[in-house]
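Read the structure below first, then the notes.
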Amino acid sequence: MTIRSLILASTLLGSLAAPAFAQRTLPSPVAPDAAVAAIRETALQDDVAYDIVSGLTTEIGPRPDGSPAEERARQWAVIKLKALGFQNVRIERYELKNVWVRGTETAEVIAPFPQPLRLTALGNSGATPAKGLTLPVVYFPSFNDLLLAPAGSLKGKIAFVSNSMQPTQDGSSYGSQGGARFLGPNVAATKGAAAIVIRSIGTDHGRGPHAGTTNFAPGVTPIPAAALSVADAENLERMFKTGKPVSLHLVLTPTVVPSRTSGNVVAEVPGSDPSAGIVLIGGHLDSWDLGTGAIDDGAGVAITAAAAKHIMTAGTPRRTIRVVWFGDEETGGFGGAAYAKAHATEQHTIASESDFGADRVWRFETNLPESAKPVADRLAVALAPIGVVRGADKAHGGTDVEATLALGGGGIDLNQSGLRYFDYHHTPEDTLDLIDPAQLRQNVAAWATMLAVVANAPEAIGPIGAKN
């Protein structure tokens with residue numbers, strides 16, 4: 001609706017329309033930047049990102065935290081980033097403690113209707129005896145129902161939590177329903193459970209379980225914990241609805257390696273003004289082991305690297321763009337924490353990551369100082385032609401950059417559609433065929449646009465509260 005039509009509506013509707021119009025704020029006028037637009041349009045034809053994620057998933061495959069495959073991925077990344085023309089490419093190593101390693105994982109219904117179930121152990125799960133456990137199951141329709149269970153009521157039993165997750169564009173249902181995975185095993189352990197199985201935190205209805213990590217509080221002994229495929233969890237629910245007692249045989253044999261060397265892969269597009277600070281972008285190189293880590297997060301490292309290459313091709317930016325392929329995000333964000341510690345004295349103006357798949361960017365949000373308001377205004381105009389709207393909330397980053405943002409850096413989030421992301425998140429189906437090349441190109445265009453605006457902005461951007 002145009003300003004003129006708003007005014008006309010106000011005239012016709014009188015006092016009913018006036019308050020709504022009064023609450024609107026006119027945006028600052030911004031002249032489109034032809035150079036930024038050219039980068040955006042060129043990026044819409046990008047094939048570099050697809051080449052990266054295709055190569056990573058084909059030549060390396062799954063990249064579990066602390067694994068030999070993750071090390072091979074780092075070596076592959078160095079070769080790829082150098083070939084793309086990045087400078088100062090290196091691996092920054094750190095020590096990864098208590099590396100959880102998946103073992104055997106099987107489950108079957110013993111009664112009332114014997115049949116196998118598909119499941120996967122949650123990261124940091126405890127282990128059953130080698131021959132497994134056969135125990136009665138207590139059903140909790142939601143995580144809240146588990147929280148209400150009396151202390152000690154689960155002794156000698158397996159808890160089953162089956163809360164359901166629905167798709168949302170912004171992925172907010174992952175936060176609202178994820179407690180069953182993030183916290184459920186710890187809660188079950190404190191109530192005496194011998195083990196726990198949960199309905200996978202996902203929006204699909206298939207037989208591929210969703211992996212993911214869980215955490216136990218200090219002093220709580222980890223119990224065996226696994227995620228059932230959504231279809232198998234729904235089947236187990238139906239068994240309980242018959243009113244007959246249910247028992248399972250569960251075998252989970254993960255182990256823990258005390259220490260392994262890991263690392264982040266770092267590459268740069270050097271800027272012309274060292275005093276202007278660093279624009280940090282990237283994604284995480286590691287993945288869960290069930291699929292090949294295409295959308296989580298091969299797409300993220302591919303999108304950000306391809307976007308940075310477009311800026312490099314266009315010339316030398318004012319600010320240095322640092323591309324980081326972080327290690328060990330899936331089991332605790334250890335790569336992001338190690339990066340922030342190693343680079344704590346450096347001036348990061350912006351820190352931003354891509355870690356929500358490969359579907360189109362629909363919204364951006366910022367967390368910038370007042371001095372950088374014109375930067376956000378120019379970004380809004382530059383992103384509008386590819387369907388990206390300006391959000392009202394502050395950017396919060398993600399696991400890989402949150403430690404850097406905590407040091408005072410500004411943030412920009414480029415939000416992707418999450419409507420189908422959690423159908424495949426952490427599953428065996430996380431493979432290259434999920435990626436729509438056209439949507440991947442739109443992502444690269446959005447990121448290249450953001451970099452073109454931010455890396456060359458004359459204004460002070462951050463750190464928040466600082467001058468540059």
Side-chain angles (χ1 to χ4, degrees), residues 53 55-57 59-81 89-105 120-127 181-182 185-186 209-216 218 222 224-227 252-267 282-301 324-343 353 355 398-404 425-428 430:
V53 70
L56 183 60
T57 55
E59 298 172 34
I60 304 299
R63 306 168 297 281
D65 286 13
S67 68
E70 192 186 12
E71 174 60 25
R72 291 196 303 273
R74 284 189 287 273
Q75 300 298 335
W76 183 93
V78 168
I79 294 170
K80 175 61 71 173
L81 290 165
V89 181
R90 73 267 189 190
I91 299 172
E92 295 184 352
R93 298 196 179 277
Y94 55 86
E95 204 68 17
L96 190 63
K97 301 294 186 181
N98 299 321
V99 180
W100 184 87
V101 180
R102 190 181 305 286
T104 300
E105 43 191 35
T120 191
L122 299 178
N124 296 324
S125 166
R181 193 193 88 207
F182 310 144
N186 182 78
H210 295 241
T213 194
T214 191
N215 290 290
F216 293 90
L252 300 175
T253 62
T255 55
V256 175
V257 178
S259 178
R260 282 182 178 170
T261 299
S262 192
N264 298 317
V265 182
V266 180
H284 65 86
L285 187 57
D286 62 303
S287 77
W288 284 102
D289 50 344
L290 303 186
T292 59
I295 62 170
D296 187 19
D297 186 30
V301 299
V324 180
W325 292 6
F326 295 94
D328 310 302
E329 186 270 351
E330 293 293 3
T331 55
F334 299 107
Y339 174 87
K341 182 178 180 180
H343 297 275
E353 69 179 81
D355 185 16
T399 301
D400 286 320
V401 300
E402 62 185 2
T404 298
H425 177 249
H426 295 178
T427 71
D430 182 2

Taking [Y]'s backbone N and O only, do any of them form a donor-acceptor pair with [X]'s side chain (distance below 3.5 Å, no angle check)?
X	Y	value
E330	W288	no
N124	T213	no
H426	H210	no
D286	E329	yes
T214	F182	yes

State, yes or no, whether a side-chain contact exists between [X] and [Y] at a heavy-atom distance under 4.5 Å.
X	Y	result
E71	T261	no
Q75	I91	yes
P185	L122	yes

Inset, instruction - Only counting residues at least two apart or in another chain, list the ones meeting salt bridge (charged side-chain N to carboxylate O under 4.0 Å, His left out) with E92. - result: R90
Inset, instruction - Assess the side chains of H284 and E353: does a donor N or O sit below 3.5 Å from an acceptor N or O? - result: no
Legend entry - Side-chain donor-acceptor contact under 3.5 Å, S125 with R102: no
Where do [X] and [Y] come nearest, in terms of heavy atoms and distance?
X	Y	result
P209	L290	O-CD1, 3.6 Å
N264	A338	ND2-CB, 4.3 Å
L56	G298	CD2-CA, 4.0 Å
G283	D400	C-OD2, 3.8 Å
W325	L81	CZ2-CD2, 3.8 Å
A267	V89	CB-CG2, 3.8 Å

First locate atom [atom1] of [X], then atom [atom2] of [Y], and finally report the distance between them rounded to the nearest 0.5 Å.
X	Y	atom1	atom2	value
D430	T57	CG	OG1	9.0 Å
T404	K341	OG1	NZ	14.0 Å
F334	Y94	CZ	OH	8.5 Å
S287	D297	OG	CG	9.5 Å

Could you list the donor-acceptor pairs under 3.5 angstrom formed by side chains in residues 61-70, with sequence neighbours left out?
{"from": "R63", "atom 1": "NE", "to": "L285", "atom 2": "O", "distance (Å)": "2.5"}
{"from": "R63", "atom 1": "NH1", "to": "G61", "atom 2": "O", "distance (Å)": "2.7"}
{"from": "R63", "atom 1": "NH1", "to": "T292", "atom 2": "O", "distance (Å)": "3.0"}
{"from": "R63", "atom 1": "NH2", "to": "G293", "atom 2": "O", "distance (Å)": "2.9"}
{"from": "D65", "atom 1": "OD2", "to": "T331", "atom 2": "N", "distance (Å)": "3.0"}
{"from": "D65", "atom 1": "OD2", "to": "T331", "atom 2": "OG1", "distance (Å)": "2.4"}
{"from": "S67", "atom 1": "OG", "to": "P64", "atom 2": "O", "distance (Å)": "2.7"}
{"from": "S67", "atom 1": "OG", "to": "A69", "atom 2": "N", "distance (Å)": "3.4"}
{"from": "S67", "atom 1": "OG", "to": "E70", "atom 2": "N", "distance (Å)": "3.1"}
{"from": "E70", "atom 1": "OE1", "to": "G66", "atom 2": "N", "distance (Å)": "2.7"}
{"from": "E70", "atom 1": "OE2", "to": "D328", "atom 2": "N", "distance (Å)": "3.2"}

Inset, instruction - Could you walk me through whether V78 and V265 pass side chain to side chain contact (heavy atoms under 4.5 Å, CB included), step by step? - result: CA-CA 7 Å; V78 168; V265 182; 4.1 Å; yes
